[in-house]
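Have a look at the structure below, then the notes.
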There are 2 protein chains.
Amino acid sequence: MARVTAQDVAEAAGVSLATVDRVLNNRKGVRESTVERVIEAMDRLNFVRDQAAANLARGRSYRFTFIVSAGETAFFSDIRSEIEAARKNVANDRIEIGMVAVPPLDPQAIVDAIVGLGEKVGDGVALVAVESQVVRDAIARLRGRGVHVVTFISDIPNSARERFVGIDNVAAGRVAASLLKRFIHAPSGDVAVVAGSGILRDHVERRLGFEQVMRAECPHLTVLPWIEGEELAGVVEEKLSRLLAGNREIVGLYSLGGGTRGVIDAIRAAKQDLRVVTTELSEHTRAALISGAIDAVLVQDPSHEVRSAVRVLKAFVDGAPINEKQERIRIEIFMRDNLP
Amino acid sequence: MARVTAQDVAEAAGVSLATVDRVLNNRKGVRESTVERVIEAMDRLNFVRDQAAANLARGRSYRFTFIVSAGETAFFSDIRSEIEAARKNVANDRIEIGMVAVPPLDPQAIVDAIVGLGEKVGDGVALVAVESQVVRDAIARLRGRGVHVVTFISDIPNSARERFVGIDNVAAGRVAASLLKRFIHAPSGDVAVVAGSGILRDHVERRLGFEQVMRAECPHLTVLPWIEGEELAGVVEEKLSRLLAGNREIVGLYSLGGGTRGVIDAIRAAKQDLRVVTTELSEHTRAALISGAIDAVLVQDPSHEVRSAVRVLKAFVDGAPINEKQERIRIEIFMRDNLP
DNA sequence: TATGTTCTGATGTACGTCAATCAAAACACG
DNA sequence: CGTGTTTTGATTGACGTACATCAGAACATA
């Protein structure tokens, strides 16, 4: 079971090590028939090139850039510190990580950040997308320069991005509805929804999934028009408080974006009996889960997402396959009893 | 930002490369004061040794052995195929993985497997523990030989194992109770519990967590004595069917072990209105979730667990730190709406 | 001071691949 | 058949670390 090296392949194919190397790095100067013979020998011997030795010899290093929201939500604050943490962890794998935090909800800011970086973006970019044509165009330009691009947290389909690293947001919305449906014992009532912004695709998709299930399975519940909280706790609290004060029929609440602290403050003040599902795992939501103010929190693991984005970008650069099971970002459901 | 090499450290410390090397691999023959000077230089320059180059030079290869249950449950069948998959994925990292499947619920079989392997266990073992002194002793003997040991899926505390790779089973039980508590709308009733075996610590712990929450928060619900299904669908179905037939007060069910197919068959036949939480994600539980026969499934990701065990064992061998966030095995909650 | 012991430097080989060179062989074409 | 071009072989020096060897320096002890 000894490792099979390029030298072994060379002998098996009846060529020299140099030729194997040329094939391996698809360099020109090898006859087509010889290429085939070498490839045949490679998978007959089950050869896998030693990426570590290759990188060592090449002196190769990867450089990736994260473009994320500078928003004040607990979630993005976590994301940013996870990126910092990852920077250190992968440094000995010859991976450099850069980060640019841009004002939230501003498509042009993303584009400006990309342009501003120029060549410094490196080999790949992970960006929190915002629904906008200028962003789509910027992604296309990056790809045109050979830079690999993945969207991160919030996707922008129909763009040139090679992959989306994040959760299935429609499913997250559906689960939230499925939970609330089972949590709410009242025979009828209204359900409130608090989101961040309509240009964040992840929010829109969660809302969509939530409505799908509510419409189909909960004829006894009415979903109210959503509140746009702009990811700001203050705004969320003010708007939600007003809504709760004016409607005593509300029996459930789904908060699908940032500013969850505002949600907690509002429902605590309202003293209504509500079943509540939110996002974001912060000290505030933990306390609210424990006190029973909220019932469940649906989150995505920032640490996993950052690691995944880096691994995926590296795989694209190496032309290596992606381990789908490892890169599946989970919708995690926390209740009081399984807080980490 | 160029990489700092051992050569740089040598120059900075005013010693030769050979001495740095001796310090790095704590080989003898270096004066204490010199060791300190080298170490000081290492973290002044922020030196991290290139593990890839080190392994390359060493020609080091790791060999780990998984000792798992040969049980027929969907979960263990997944575990075994994930181990096979991992074997291929890590082969180019110079990691060899062996696997021995032993008859379930049999402590002596585990010990025999370990003894039978002799030196072939390699550098580390991941084993699905069973509560038993002979297993504890076997682990201690392995550790005595310098073999690293982690328990896997089911733990055996107070043993010499260096770590447990798996979920927090008490928390899993608590979450199951927390969900059922919210799912059950009936004002009162009985709750049935189906487990595998009393010598599987993971089952015992889940049961414990479940009872904790039920006792504390659900005075209106009575938890019935558990059914031992021996991880066999047939046994589970037979015992559960009998229970359901004899008790029309049952409003909820928690199945915390294997043989979930038996649970599904039994409740389907009984035609009672039950809220059900189970484990194991298989075609049967998927179908039951979709049809609404069961409400939620609590699972652990076999693929993640296998990767984690390998990474953790490798970290022990290398004396490297463990990335706790990456190794946190999640309790995943699947409902109809977030099936992967 | 002589002797033995402990430390340190200098050097070389190895690991598996990359990248470049130069020379030799095979081929194509008129 | 000669010429030019393409393909191949052989060789070499990196990359960063491990490990072994040998000689010399520093130190301790008598």
Side-chain angles (χ1 to χ4, degrees), chain A residues 1-42 45-62 91-95 317-320, chain B residues 1-42 45-62 90-96 317-320:
Chain A
M1 249 283 222
R3 267 194 70 77
V4 19
T5 74
Q7 181 65 59
D8 300 331
V9 174
E11 283 162 23
V15 298
S16 79
L17 182 57
T19 299
V20 172
D21 184 59
R22 289 189 258 258
V23 173
L24 219 40
N25 300 286
N26 20 250
R27 243 171 278 134
K28 59 175 184 181
V30 185
R31 202 178 315 150
E32 193 50 43
S33 61
T34 312
V35 172
E36 277 163 25
R37 219 167 67 236
V38 171
I39 289 178
E40 186 274 332
M42 284 196 328
L45 297 191
N46 219 331
F47 169 80
V48 278
R49 113 214 274 136
D50 186 328
Q51 194 67 52
N55 286 346
L56 181 60
R58 231 190 226 117
R60 193 196 210 318
S61 63
Y62 307 82
N92 56 346
D93 295 329
R94 305 187 137 63
I95 302 177
V317 173
D318 292 342
Chain B
M1 249 282 225
R3 268 195 69 78
V4 20
T5 74
Q7 182 64 57
D8 300 332
V9 174
E11 283 162 23
V15 298
S16 78
L17 181 57
T19 300
V20 171
D21 184 60
R22 288 190 261 258
V23 173
L24 218 42
N25 299 287
N26 17 253
R27 244 170 280 131
K28 59 176 185 183
V30 184
R31 204 177 313 148
E32 193 50 43
S33 61
T34 311
V35 171
E36 276 163 26
R37 220 167 65 236
V38 171
I39 289 178
E40 186 275 331
M42 284 197 326
L45 297 192
N46 218 330
F47 170 80
V48 277
R49 112 218 271 145
D50 185 328
Q51 195 66 50
N55 286 346
L56 181 61
R58 232 191 224 116
R60 187 189 219 326
S61 63
Y62 307 82
V90 300
N92 56 345
D93 294 329
R94 307 187 134 63
I95 302 178
E96 272 181 86
V317 174
D318 291 342

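By convention in this document, chain letters (A, B, ...) are assigned in the order of the sequence lines, proteins followed by strands, and residues within each chain are numbered from 1. Values reported hereafter were calculated over all heavy atoms of this structure, with side chains retained and with hydrogens, waters and symmetry mates removed.
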Separation of A:Leu24 CG from A:Arg49 CZ (nearest 0.5 Å): 4.0 Å
A:Arg27: side-chain contact (heavy atoms from CB on, under 4.5 Å) partners, not counting sequence neighbours: A:Asp21, A:Arg22, A:Asn25
Touch class at under 4.0 angstrom, heavy-atom based, for A:Leu24 against every strand present: sugar-phosphate
Axis bend over the full length of the helix from C:dT8-D:dA23 to C:dG30-D:dC1, computed from five pairs that close each end, to 10 degrees: 30°
Selected nucleotide, minimal atom distance to B:Ala54 side chain, candidates C:dT17, D:dT17, C:dC7: D:dT17
Note, A:Met42 side chain near A:Val4 side chain (heavy atom, < 4.5 Å): no
Donor-acceptor contact present, side-chain B:Arg37 to main-chain B:Ala13, <3.5 Å: yes
Nearest to side-chain heavy atoms of B:Val15, which nucleotide of C:dG9, C:dT17, D:dT17: C:dG9
Side-chain donor-acceptor pair present, A:Tyr62, A:Asp93, cut-off under 3.5 Å: no
A:Val20 side chain reached by A:Gln7 side chain, heavy atoms, under 4.5 Å: no
Contact list (N/O, under 3.5 angstrom) for nucleotides 19-25 of chain D vs protein:
unit_1 : atom_1 : unit_2  : atom_2 : d
D:dC19 : OP2    : B:Arg27 : NH2    : 3.3

Nearest heavy-atom neighbours spanning A:Phe47 and A:Thr5: CE1-C, 3.6 Å
Value rounded to 0.5 Å, distance of CG in A:Asp318 from CG in A:Asn55: 6.5 Å
Distance in angstrom units between A:Asp8 CG and C:dG16 P, rounded: 9 Å
Rounded interatomic separation in angstrom, taking CD from A:Glu11 and P from C:dG16: 13 Å
Distance in angstrom units between B:Gln51 CD and D:dA18 C1', rounded: 12 Å
Which residue lies more 5' along DNA chain C, comparing B:Leu56 with B:Glu32 via nearest heavy atoms: B:Glu32
Any B:Glu32 side-chain heavy atom under 4.5 Å of B:Glu36 side chain: yes
A:Gln7 CD - D:dT11 P separation (whole Å): 11 Å
Phosphate OP1/OP2 of C:dG9: any B:Thr19 side-chain N/O under 4.0 Å: yes
Along DNA chain D (nearest heavy atom to each residue), the more 5'-positioned of A:Ser16 and A:Gly59: A:Ser16
Euclidean distance, atom CG of residue A:Asp50 to atom P of C:dA14 [Å, nearest integer]: 18 Å
Earlier contact from the 5' end, DNA chain C, for A:Leu17 and B:Gly29: B:Gly29
Length of the CZ-C1' vector between B:Arg37 and C:dT8, whole Å: 10 Å
Spacing of A:Arg94 atom CZ relative to C:dC18 atom P, expressed in whole Å: 14 Å
Proximal nucleotide (of C:dC27, C:dG16, D:dG9) relative to the A:Arg31 side chain: C:dC27
Shortest non-hydrogen separation from B:Leu17 to B:Ala10 and the atoms involved: N-CB, 3.8 Å
Rounded distance (Å) that lies between atom C1' of C:dC18 and atom CG of A:Asn55: 11 Å
